Amino acid sequence: MSETTTAAETAAPHRYTAALAADIETRWQDFWEKQGTYEAPNPGDGDLGGGPEAVAKPKKFIMDMFPYPSGSGLHVGHPLGYIATDVVARFHRMTGHNVLHTLGFDAFGLPAEQYAVQTGTHPRVSTEANMVAMKAQLRRLGLGHDQRRSFATIDPDYYRWTQWIFLQIFNSWYDAEAQRARPIAELVEEFESGRRHTPQDRAPWRELDAAERADLLGEYRLAYASEAPVNWCPGLGTVLANEEVTAEGRSERGNFPVFKAKLRQWNMRITAYAERLLDDLDGLDWPEAIKLQQRNWIGRSEGARIDFPVHTAAPGAGAGTGAGERGPADESITVFTTRQDTLFGATYMVLAPEHELVDRIVPSAWPEATHEVWTGGHGTPAEAVAAYRAQAAAKSDVERQAEAKDKSGVFTGAYATNPVSGEPVPVFVADYVLMGYGTGAIMAVPAHDHRDFDFARAFELPMRCVVEPSDGRGTDPAAWDDAFVSYDASIVNSAGPRIALDGLDVERAKEKITAWLEAQGVGAGTVNYRLRDWLFSRQRYWGEPFPIVYDEEGIAHALPEDMLPLELPEVDDYSPRTFAADDGDTSPETPLSRNEEWVNVTLDLGLGDGPRKYRRETNTMPNWAGSCWYELRYLDPRNDRVLVDPTVERYWMGPREGMPSGGVDLYVGGSEHAVLHLLYARFWSKVLFDLGHVSSVEPFHKLFNQGMIQAYVYRDSRGIAVSAAEVEERDGAYYHQGEKVSRLLGKMGKSLKNAVTPDEIFAEYGADTLRLYEMAMGPLDVSRPWDPRAVVGQYRLLQRLWRNVVDEADGELRITDGEPDEATLRALHKTIDGVRQDLAGLRFNTAIAKVTELNNHVTKQHQVPRSVAEGLVLLIAPLAPHVAEELWHKLGHETSVVYEDFPVADPAYVVDETVTCVVQVKGKVRARLEVAPSITEAELEATALSAPSVVAALGGAEIRKVIVRAPKLVNIVPA
RNA sequence: GCCGGGUUGAUGGAAUGGGCAGACAUGAUCGACUCAAAAUCGAUUGCCCGAGAGGGCGUGCGGGUUCGAAUCCCGCACCCGGCACCA
């Protein structure tokens with residue numbers, strides 16, 4: 001192989017080979033870097049400023065989701081999106097735009113910390129080494145990044161501003177009336193002046209001490225600390241995000257058990273923005289699937305809150321305290337329901353096990369004649385409830401899900417009153433009601449809710465049909481197999497002395513009952529969201545430290561801005577303390593807490609009380625923090641005065657025509673971030689907007705999700721993956737070292753032994769071939785398998801293009817200065833027209849097919865006219881920039897092809913002189929006619945009807961109908 | 001279970017305001033060049049019948065609308081993704 005290849009190269013010294021490609025590519029990469037070719041000027045004359053002239057052009061901000069600098073190196077799947085944005089960025093540069101395109105690193109995170117624990121290397125050391133290696137690999141692809149704007153989230157100059165934004169959020173509250181965040185100082189001022197009263201359960205502001213005031217403000221702050229159940233993994237010694245826990249309730253890394261533990265944690269009040277996060281989706285140019293996922297995640301439900309008075313047990317109440325003889329109502333259970341129209345059908349209630357009201361309503365003894373199924377065999381309600389709560393708490397998520405069909409629960413012994421019927425309804429505790437949703441309490445309407453139906457069957461509870469089934473099953477729920485839940489029906493059995501809903505449809509009944517509840521003061525129409533607040537702290541070393549200290553009373557204080565960045569301290573041991581994996585009764589010890597010198601400090605926070613002792617917060621931020629705002633820092637990466645200069649921000653991201661919310665012009669990344677990163681970043685963007693720091697309400701105007709590059713996985717008879725590179729194909733079967741192996745499609749990666757690295761492709765074909773192949777494989781948004789054999793197709797395209805311009809023997813130009821013939825001219829302009837549209841629409845695969853077609857057309861000609869050669873070079877320049885730059889210079893140009901104008905099609909040549917008209921008889925093609933595009937319908941019909949093959953096909957049959965779509969089609973329908 | 005998205009030659013994929021199905025590429029077969037091979041160039045390549053001209057069938061399956069359906073509608077199967085007792 002090597003001998004013959006060498007011979008071929010000797011025969012054609014100027015052939016486009018991998019070696020020549022490597023020479024061309026590295027040469028131009030060095031040139032571009034030296035020239036600063038991809039540096040985009042900012043407005044103004046500050047840092048990166050290019051003066052007024054430089055920014056007179058329209059602009060585009062093209063962005064990738066930035067990578068985590070993994071130590072295992074890149075495979076060819078990783079850069080797919082980066083190549084796509086690079087092509088788009090290059091296309092826009094050639095259409096006269098000022099293009100901002102760069103790439104940073106999301107470098108905080110667990111892998112570096114765990115690697116550090118294993119090897120003793122500081123995470124910064126390994127992370128920075130990884131970034132250097134990754135930058136080199138990405139540079140070799142020819143990505144046109146503005147290197148001046150690149151940064152990593154671990155740079156103190158960057159996380160200084162992450163911490164600053166955290167403090168902005170900490171020092172803000174959401175004014176629900178004004179629908180926006182406001183500084184917390186304004187809330188304090190309102191309390192102090194008496195314009196705003198403290199909530200009903202609090203004393204007036206002036207009577208509160210410092211700790212009480214801090215507590216109260218904590219209930220308003222957009223970043224707040226609270227006790228919350230988290231995923232605690234003793235085996236790893238850290239809490240984990242939900243997405244880091246497997247469906248089996250174990251850690252994704254290490255496969256250790258995960259426990260729910262209540263710990264004081266930082267949260268972000270993202271729920272305050274639920275409505276805006278939902279509404280603003282409408283104006284975004286995002287894939288509908290992603291918008292839908294966010295809508296579902298936010299989970300807006302319209303319904304009503306309804307209060308059910310509940311009678312707590314009178315002191316000394318024992319057996320004989322039945323439903324009929326209760327004291328006055330002194331508590332009420334508030335439920336959220338989306339089916340307030342079925343209130344007459346509410347025959348029992350359920351509280352979540354963790355509901356705080358449970359303890360207060362439990363009587364000392366069971367009411368007389370309580371059904372044994374309800375008591376669970378326990379002697380008193382308190383015992384029963386305690387036992388049930390313990391049992392529910394011990395259940396893992398998996399168990400809960402598995403048992404979802406078999407409803408469990410227990411009677412509390414208490415009764416509430418249905419506010420519309422006045423009937424007593426028993427109150428249960430059951431874990432099918434979740435504390436985290438709605439009010440943690442429900443009214444159960446078993447006839448019209450699947451879960452309530454199952455529960456009622458298990459506990460022999462009464463059911464009442466209040467929505468007339470439209471499917472003929474009758475109105476006796478006892479005879480049903482399942483609840484009737486349709487909205488398309490009318491209300492029955494819902495008339496009382498105070499209100500009647502019978503005969504109304506569901507919607508009308510909702511309106512009527514809601515108005516009644518509001519008039520009675522026992523409920524109100526309301527909107528509920530599924531979205532929860534965002535757990536924002538982790539017990540890890542490798543993350544942003546919180547710029548928070550606690551005074552001796554335990555009150556949290558923000559560090560003043562001039563103390564930022566608060567840098568990560570050195571520690572002897574950055575591993576969190578680990579425990580026996582199955583010991584859930586342990587609690588985490590944060591790595592930062594071990595550095596006592598760092599934790600215990602004396603500071604003057606500027607509060608007017610001089611230097612005092614404080615303890616630092618020892619949690620760190622989750623790795624989402626750095627990616628929540630990085631688009632802004634690309635704009636003004638070295639500004640040490642503000643996170644981004646307002647003029648610069650407005651220029652690149654501000655609201656503009658068709659984009660009233662502003663944002664990045666194009667953001668490309670994987671769909672796995674649909675509801676996490678993309679929701680968090682939108683939230684931060686809105687807070688920064690409310691506080692006046694940015695002009696864009698939304699961070700990313702257009703979002704595009706690239707698919708995954710998959711690869712074949714070969715497994716031997718034991719099911720173990722074998723090296724894909726060593727597999728041979730014979731007669732449609734696959735063999736590894738003589739043994740037959742099976743083939744399946746899977747992810748590309750080291751563990752499946754099927755990774756293909758960019759370096760391998762560079763060595764065999766060059767970067768331009770890799771870029772073209774990845775773009776030609778198929779539409780960007782679908783996943784497709786990497787086919788090692790097919791890469792050569794794009795290599796051949798570049799070789800043919802090269803040969804059309806350069807003589808392989810002597811390296812001289814072999815183009816002519818003559819005019820192209822008519823057919824070539826039309827082919828050229830049609831290609832220009834098509835490629836322009838395809839690139840603008842991110843349809844790289846069809847753009848490449850069109851360029852290939854044109855190139856194949858000119859390959860068949862003996863010589864290529866200069867205008868066509870230059871057209872081809874410009875058309876392919878965004879896709880294969882190195883070979884384009886080389887050919888452009890060989891064609892005698894002095895300036896870089898990067899800023900050449902992309903060709904514009906001449907409309908006169910885009911339309912064909914003649915078009916092929918298809919003549920169908922009964923829908924089958926019987927003739928093709930070459931006709932002028934301007935042919936009239938009548939002419940075309942006459943021509944078609946006289947075509948010999950048409951006459952033959954008709955066989956003299958009478959014609960019933962002729963459909964003419966000039967100039968493309970005639971369809972003749974015989975009788 | 002619910003909600004999305006998908007299913008086109010041996011393979012990746014083209015073509016959807018309904019109008020020539022299979023662009024472009026890979027692979028395969030044949031030919032030219034070569035002592036030979038590689039590379040390159042040329043031809044063929046959806047399936048079936050036919051020596052050929054030609055004909056029939058064909059976009060997961062079954063129906064429907066239409067002069068005409070890969071494209072629209074109804075039902076079904078399978079695959080991928082998301083959510084998962086959300087009241």
Side-chain angles (χ1 to χ4, degrees), chain A residues 1 3-9 11-12 15 17 247 287-293 295-297 299 301 303 335-339 342 350 397 400-401 403-405 407 430-434 436-445 448-452 454-455 528-532 671-672 674-675 707-708 729 732 745 772-773 776-779 781-794 796-797 799-800 803 808 843 845-853 855-856 859-860 916-925 927-928 960-963 965 968-974:
Chain A
M1 158 98 184
E3 275 174 52
T4 51
T5 307
T6 311
E9 279 167 6
R15 158 163 296 185
T17 59
E288 275 309 315
I290 301 290
K291 287 194 190 183
L292 198 67
Q293 271 188 61
R295 287 193 186 107
N296 291 341
W297 189 265
S301 302
V335 301
F336 171 75
T337 178
T338 55
R339 292 300 300 268
T342 63
V350 183
D397 289 351
R400 253 179 103 131
Q401 276 176 40
E403 293 167 14
K405 271 186 189 157
K407 294 282 177 292
D431 65 359
Y432 82 91
V433 173
L434 309 174
Y437 184 79
T439 61
I442 63 157
M443 65 176 212
V445 185
H448 306 293
D449 180 279
H450 294 299
R451 296 149 303 179
D452 298 345
D454 293 343
F455 190 87
N528 191 57
Y529 295 92
R530 203 190 77 114
L531 185 69
R532 314 282 164 84
S671 56
E672 67 272 19
V675 289
M708 268 206 317
E729 184 186 350
L745 206 54
L772 276 177
Y773 177 64
M777 287 169 84
D781 55 353
V782 300
S783 296
R784 54 276 152 82
W786 179 268
D787 182 354
R789 292 184 312 192
V791 183
V792 73
Q794 302 308 318
R796 288 178 190 150
L797 164 64
Q799 288 184 317
R800 276 199 295 272
R803 253 197 316 272
E808 289 192 340
R843 293 182 298 270
N845 55 332
T846 50
I848 292 169
K850 287 175 177 116
V851 173
T852 308
E853 233 172 326
N855 191 50
N856 288 349
T859 300
K860 289 184 173 58
T916 307
C917 174
V918 177
V919 186
Q920 298 174 332
V921 176
K922 256 176 99 178
K924 296 219 178 287
V925 180
R928 289 167 217 273
R960 185 154 69 91
K961 200 172 176 183
V962 180
I963 292 111
R965 294 282 177 273
K968 302 276 285 185
L969 180 126
V970 178
N971 190 11
I972 301 155
V973 187

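Hydrogens, waters and symmetry mates play no part in the numbers below; they use all other heavy atoms, side chains included. Keep in mind that what you see is a predicted model, and the values were worked out from it rather than measured. Proteins get letters first, then strands, A, B, ... in listed order; numbering begins at 1 in each.
- Nucleotides rA25(B) and rA69(B), compared at atom P, are 31 Å apart to the nearest Å.
- At the heavy-atom level, Ser671(A) lies nowhere under 4.0 Å from the strands shown.
- Within 6.0 Å of the NZ atom in Lys291(A), the count of heavy atoms belonging to other residues, nucleotides or ligands exceeds 12.
- Here the separation of rG82(B) from rG68(B), taken at their C1' atoms, is 39 Å to the nearest Å.
- The side chain of Arg789(A) sits closest to rU26(B) out of rG19(B), rA14(B), rU26(B).
- Remark: rG22(B) base-pairs with no nucleotide in the shown strands. Criterion, Watson-Crick or G-U wobble with two distances under 3.5 Å.
- For Lys968(A) and rC67(B), the NZ to P distance is 23 Å, given to the nearest whole Å.
- Between Trp297(A) and Ala849(A), it is Ala849(A) whose nearest contact on RNA chain B lies nearer the 5' terminus.
- Nucleotide rA38(B) has no partner under the Watson-Crick or G-U criteria, as no pair reaches both atom distances under 3.5 Å.
- Nucleic acid contact class of Ala289(A) (heavy atoms, under 4.0 Å, all strands): sugar-phosphate only.
- Using atom C1' as the reference point in both rU8(B) and rA70(B), the two lie 7 Å apart (nearest Å).
- Between rA87(B), rC67(B), rU40(B), one nucleotide has an atom nearer to the side chain of Arg796(A) than all others, and that is rU40(B).
- Nearest to the side chain of Thr852(A), among rC3(B), rC24(B), rU26(B), sits rC24(B).
- Considering only the side chain of Arg530(A), rA84(B) comes nearest among rG13(B), rU40(B), rA84(B).
- Between Phe455(A) and Tyr432(A), the angle of the ring planes lies from 30° to 60°, which puts this pair in the tilted group.
- With a cut-off of 3.5 Å on both Watson-Crick or G-U wobble distances, the partner of rC2(B) is given as rG82(B).
- Look at NZ on Lys407(A): it is 14 Å from P on rA87(B), rounded to the nearest Å.
- Rounding to whole angstrom units, CG of residue Asn296(A) and P of rG82(B) are separated by 14 Å.
- Checking rG68(B), rA15(B), rA87(B) against every side-chain atom of Thr846(A), the shortest atom distance belongs to rA15(B).
- For Val782(A), whose side chain is taken as the heavy atoms from C-beta onward, the closest listed nucleotide among rC85(B), rC20(B), rG13(B) is rG13(B).
- At a threshold of 4.0 angstrom between heavy atoms, the contacts of Leu292(A) are confined to the sugar-phosphate backbone, with no base atom among them.
- When the P atom of rG12(B) is taken as reference, atom CZ of Arg843(A) falls 22 Å away, rounded to whole Å.
- Nucleotides rC74(B) and rU26(B) place their P atoms 41 Å apart, quoted to the nearest Å.
- A donor-acceptor distance shorter than 3.5 angstrom exists from the side chain of Asp452(A) to the backbone of Val445(A), with no hydrogens or angles considered.
- Under the Watson-Crick or G-U wobble criterion, with both distances below 3.5 Å, rU45(B) is paired with rG27(B).
- Listed nucleotides: rC67(B), rC41(B), rC3(B). Nearest to the side chain of Arg800(A): rC41(B).
- Map Arg803(A) and Gln794(A) each onto its nearest nucleotide of RNA chain B; the residue landing nearer the 5' end is Gln794(A).
- Within 4.0 Å (heavy atoms only), Val918(A) reaches at least one base atom of the nucleic acid.
- If you measure from atom CZ of Arg784(A) to atom P of rG5(B), you get 20 Å, rounded to the nearest angstrom.
- Judged purely by atom type and a 3.5 angstrom limit, Arg800(A) has no side-chain atom pairing as donor or acceptor with the backbone of Thr859(A).
- In this structure, rG75(B) shows a glycosidic angle more than 90 degrees from zero, which is the anti conformation.
- Within the shown strands, nothing qualifies as a pairing partner of rG50(B) under the Watson-Crick or G-U definition with both distances less than 3.5 Å.
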Quiz item: Yes or no on side chain to side chain contact (heavy atoms under 4.5 Å, CB included) for Arg295(A) and Glu288(A), after CA distance, side-chain angles and deciding distance?
Solution: CA-CA 10 Å; Arg295(A) 287 193 186 107; Glu288(A) 275 309 315; 3.9 Å; yes
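- Lys291(A) comes within contact range of no nucleotide atom at all, as no heavy-atom separation falls under 4.0 Å.
- Spacing between rG9(B) and rA28(B) at atom C1', rounded to whole Å, works out to 13 Å.
- In this structure, Phe336(A) and Thr439(A) approach most closely via the heavy-atom pair N-OG1, 3.6 Å.
- Within the 4.5 Å cutoff, the side chain of Thr342(A) has heavy atoms near those of the Met443(A) side chain.
- Rounded to an integer number of Å, the gap from Leu969(A) CG to rG68(B) P is 13 Å.
- Atom P of rG75(B) sits at a distance of 23 Å from the matching atom of rC80(B), rounded to the whole Å.
- Proximity of a side-chain donor or acceptor of Arg784(A) to a complementary backbone N or O of Val782(A) within less than 3.5 Å is detected.
- Counting only heavy atoms from C-beta outward, the side chains of Tyr773(A) and Asp787(A) approach each other to under 4.5 Å.
- Using atom P as the reference point in both rC67(B) and rG60(B), the two lie 24 Å apart (nearest Å).
- Closest contact between the side chain of Gln920(A) and the listed nucleotides rG19(B), rA14(B), rC67(B) involves rG19(B).
- Note on Asn856(A): only backbone sugar-phosphate atoms sit closer than 4.0 angstrom, heavy atoms only; bases stay farther off.
- You'll find that the side chain of Asn845(A) is closest to rG13(B), out of rC41(B), rG13(B), rG19(B).
- In this structure, NE2 of His450(A) is placed 19 Å from P of rA84(B), rounded to the nearest angstrom.
- Within the shown strands, rC74(B) is the pairing partner of rG62(B) under the Watson-Crick or G-U definition, both distances less than 3.5 Å.
- Here the side chain of Thr337(A) is nearest to one of rA87(B), rC83(B), rA21(B), namely rA87(B).
- The distance from atom CD1 of Ile290(A) to atom C1' of rG82(B) is 9 Å, rounded to the nearest whole Å.
- Residue Val433(A) is in base contact, counting any heavy-atom pair closer than 4.0 Å across all strands shown.
- If you take atom C1' in rC20(B) and the same atom in rG46(B), they sit 15 Å apart, rounded to whole Å.
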